[in-house]
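Worksheet: the structure to be examined is printed underneath.
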Amino acid sequence: MSNQANSLNKGLTVKDLVTTGIFTALVFVFVLVGGIFFAPNPVLTFFMPAGSGLLAGPVFLLMIAKVQKRWSLSIMGVVICIIWFVTGMHWAFALGYLIMAVVADFVAGAGQYKSKKLNSLAYILFSLGGTGSYIVFFADPNGWAQTMQATANTGILIAMFAAAIITSAISAFVGCKMLKKQFEKAGITA
């Protein structure tokens, strides 16, 4: 009976999944905040993985301490990969985080998620996920430039401006309706 209870405790529970989800969101935010000051700058962009790695370590390690089970870090990697990809990041950037989260899961798991050294190494490896798109760039800079040039034509420039104007106009229209309906009636705005 005791062996059966132990085998049930080895898998991820609903509580483990919820904890993993919460910490995944926190790790994502800290990675984003740490890297946001570097990524848009052409000179500093290559230091974005360093900036991203600066803030999320304590949250990552706390997640490992809370959920000391296989696949929690991998699940985090899948979620972060999907978020990066859906928000328009380069496919290699998203894939880098996925691959390195799985690697981190196995490294931390080698010490049953209790070794501070292995857990720290797991975080360092996870942080290297942000280098994915840069690896692709350095592997084939001409291919990278050709891809950008092939998609960046006059039609895209016109579509960019048109889309920005249309979406901004829709948002302003909705904002005006909300102001009138909610705030003017409450006497908050004039």
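At a threshold of 4.5 Å between non-hydrogen side-chain atoms, the residues M76 and F28 do not count as touching. Taking 4.5 Å as the limit, every side-chain heavy atom of F37 sits out of range of all side-chain heavy atoms of M48. The shortest distance between side-chain heavy atoms of Q68 and Q112 does not fall below 4.5 Å.
Not less than 6.0 angstrom separates the ring centroid of F47 from the ring centroid of F38. Y97 has its ring centre less than 6.0 Å from the ring centre of F126.
Classified by interplanar angle (parallel below 30°, tilted 30° to 60°, perpendicular above 60°), the ring pair F106/W71 is perpendicular. Relative orientation of the W84 and F93 rings is perpendicular, given thresholds of 30° and 60° on the angle between their planes. Classified by interplanar angle (parallel below 30°, tilted 30° to 60°, perpendicular above 60°), the ring pair W144/F137 is perpendicular.
In this structure, I75 CD1 and T24 OG1 are separated by 8.0 Å, a value rounded to the nearest 0.5 Å. For the atom pair T87 OG1 and I82 CD1, the distance stands at 11.5 Å (nearest 0.5 Å). Residue I36 holds its CD1 atom at 12.0 Å from CG of N41, rounded to the nearest 0.5 Å. A distance of 10.5 Å separates CG of L32 from CG of L55, quoted to the nearest 0.5 Å. Taking CD1 from I80 and CG from L73, the interatomic distance works out to 10.0 Å, rounded to the nearest 0.5 Å. With rounding to the nearest 0.5 Å, the separation of CE in M63 from OG1 in T20 is 4.5 Å.
A donor-acceptor pair under 3.5 Å is absent between the side-chain atoms of S171 and the main chain of T167, judged by distance alone. A distance-only check finds a donor-acceptor pair linking the side chain of D105 to the backbone of S74 [under 3.5 Å]. In this structure a side-chain-to-backbone donor-acceptor pair under 3.5 Å is present from K69 to G11.
By the rule that hydrophobic residues join a cluster once side-chain heavy atoms approach within less than 4.5 Å of another member, I156 and I158 end up as members of separate clusters. Under the 4.5 Å side-chain heavy-atom criterion for Ile, Leu, Val, Met, Phe, Trp and Tyr, V33 and F60 are members of the same hydrophobic cluster. M89 and I135 fall into different hydrophobic clusters, where Ile, Leu, Val, Met, Phe, Trp and Tyr side chains are chained together by heavy-atom contacts under 4.5 Å. Two different hydrophobic clusters hold V102 and I124 under the rule that ILVMFWY side chains link at heavy-atom gaps under 4.5 Å. The hydrophobic clustering, which links ILVMFWY residues whose side-chain heavy atoms are closer than 4.5 Å, places L157 and I166 apart.
Between V107 and A122 the shortest heavy-atom distance is CG1-N, 4.1 Å. Across all their heavy atoms, G130 and P49 have their closest contact at O-CG, 3.5 Å. The two residues A56 and V31 make their nearest non-hydrogen contact at CB-CG2, 3.8 Å. Heavy-atom minimum distance, G111 versus L118: N-CD1, 3.5 Å. Between S127 and G53, the shortest heavy-atom distance links the atoms OG-CA, 3.8 Å. Between V136 and H90, the shortest heavy-atom distance links the atoms CG1-CE1, 4.1 Å.
Around atom CZ of F85, no more than 12 heavy atoms belonging to other residues, nucleotides or ligands sit under 6.0 Å away. In this structure, F23 places its CZ atom where more than 12 heavy-atom neighbours from other residues, nucleotides or ligands lie under 6.0 Å away.
Between T19 and D16, the side chains place no donor N or O within less than 3.5 Å of an acceptor N or O (distance only, hydrogens not considered).
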Y113/S72 under side chain to side chain donor-acceptor pair (under 3.5 Å): CA gap, chis, key distance, verdict: CA-CA 11 Å; Y113 302 91; S72 64; 5.7 Å; no

